[in-house]
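A quick note: this is a predicted structure, and the numbers were derived from the prediction, not measured. Sequence lines set the chain letters: A, B, ... in the order given, protein chains first and strands last, and positions in each chain run from 1.
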2 protein chains.
Amino acid sequence: MPLDTVFAALGDPTRRAILAMLLEDDMAVTDVADPFEMSLAAISKHLQVLTAAGLVSQEKRGRVKWCKLEPDAMREASIWMQSFGQFEAVNLDDFERFLATELQDDASELSSD
Amino acid sequence: MPLDTVFAALGDPTRRAILAMLLEDDMAVTDVADPFEMSLAAISKHLQVLTAAGLVSQEKRGRVKWCKLEPDAMREASIWMQSFGQFEAVNLDDFERFLATELQDDASELSSD
DNA sequence: CCGATATTCAACCATTTGGTTGACGTTTGG
DNA sequence: CCAAACGTCAACCAAATGGTTGAATATCGG
């Protein structure tokens, strides 16, 4: 389930900090790692987790791998949360129906997969 | 950081399912555990994780411990996510429409209770 | 009071996670 | 061509996670 990987990825403060950095601009792996007090390999792993969750995409140009934020990957998770946060006692059946059509729309957008 | 525990708690499908169940009504621990194919102790642990994250509160009355959804605990995490997503108006519009009908349904249900 | 019910605790286990280090393959610039 | 920079891989480690069982603790109903 994508919600699993997305929420799990966001559960780590280092990874959230990385996402916040990428909000400003695309970055090379080395530059992402720079402000952190841990090894480059550790950051590389964090980026792999974020990429697996779809929250970051990576493109290699020359010897530099550029990291790009992919905020759309948060959509489903955000919708899921909003159903709780803002609306108490929502009808679950109706909500699941709503979510199903929402996600269908997503799927049709991702036709290249 | 509360975001750590909230996101981590939401990263597990069993725990998300529990929250969805509590969306409908407060429940005793045993009743929460019922639909799952795992031990009561395992569910008890999951509820502890959710409680530690503030997503659920538990109140013991007699020998029964009642579990209550605390959606406010998602607020900070939800806001954090939305700061990334300029999520499409599409889904928000649909969601608001969904909500409008939801509240209508709720209102009509209340009259029959 | 007694047995059943509700829940947690404790010990244990396998797997995952988050980190390290050092070696490795590419690409680049001089 | 060669050294330096970029990034991953592999092996390893400690700690956390998610699950199991069985015993323990309250509390209820009769």
key: Base-contact (B) and sugar-phosphate-only (S) positions in nucleotides 14-21 of chain D, heavy-atom cut-off under 4.0 Å, - elsewhere   = ----SBBB
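Axis deviation across the helix from C:dC1-D:dG30 to C:dG30-D:dC1 amounts to 20°, comparing end segments of five pairs, rounded to 10 degrees.
In this structure, the CG atom of A:Asp34 is 11 Å from the P atom of D:dG7, given to the nearest Å. Computed from coordinates, the A:Ile43 CD1 to D:dC6 C1' distance equals 15 Å when rounded to whole Å. As a whole-Å value, the separation of B:Asp26 CG from C:dA6 P is 17 Å.
For D:dG7, neither phosphate oxygen OP1 nor OP2 lies less than 4.0 angstrom from any side-chain nitrogen or oxygen of A:Ser44.
A heavy atom lying under 4.0 Å from DNA chain C marks the following residues of residues 51-70 of chain A, by number: A:Gly62, A:Arg63.
Counting all heavy atoms, side chain and backbone alike, A:Ala53 lies closest to A:Thr5 at CB-O, 3.7 Å. Contact detail for A:Val56 and A:Cys67: the closest heavy-atom pair is CG1-CB, 4.1 Å.
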request  = Could you go through the side chain to side chain contact (heavy atoms under 4.5 Å, CB included) check for A:Met81 and A:Phe7 one step at a time?
outcome  = CA-CA 11 Å; A:Met81 289 191 70; A:Phe7 279 129; 3.8 Å; yes
request  = Kindly determine whether A:Met74 and A:Leu19 satisfy side chain to side chain contact (heavy atoms under 4.5 Å, CB included), including the steps that lead there.
outcome  = CA-CA 11 Å; A:Met74 291 186 200; A:Leu19 292 178; 4.0 Å; yes
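Here B:Trp66 sits in one hydrophobic cluster together with B:Val64; the rule is ILVMFWY side chains under 4.5 Å apart, joined directly or through other members.
By the side-chain hydrogen bond (donor to acceptor under 3.5 Å, both in side chains) test, B:Thr51 is found to be paired with B:Gln58, residues two or more places apart in sequence or in another chain being considered. Scanning for side chain to side chain contact (heavy atoms under 4.5 Å, CB included) contacts around A:Thr14 gives A:Asp12, A:Ile18, A:Phe36, A:Met38, A:Ile43, A:His46, with sequence neighbours left out.
Side-chain atoms of A:Arg16 come within 3.5 Å of backbone N or O of A:Leu10 as a donor-acceptor pair.
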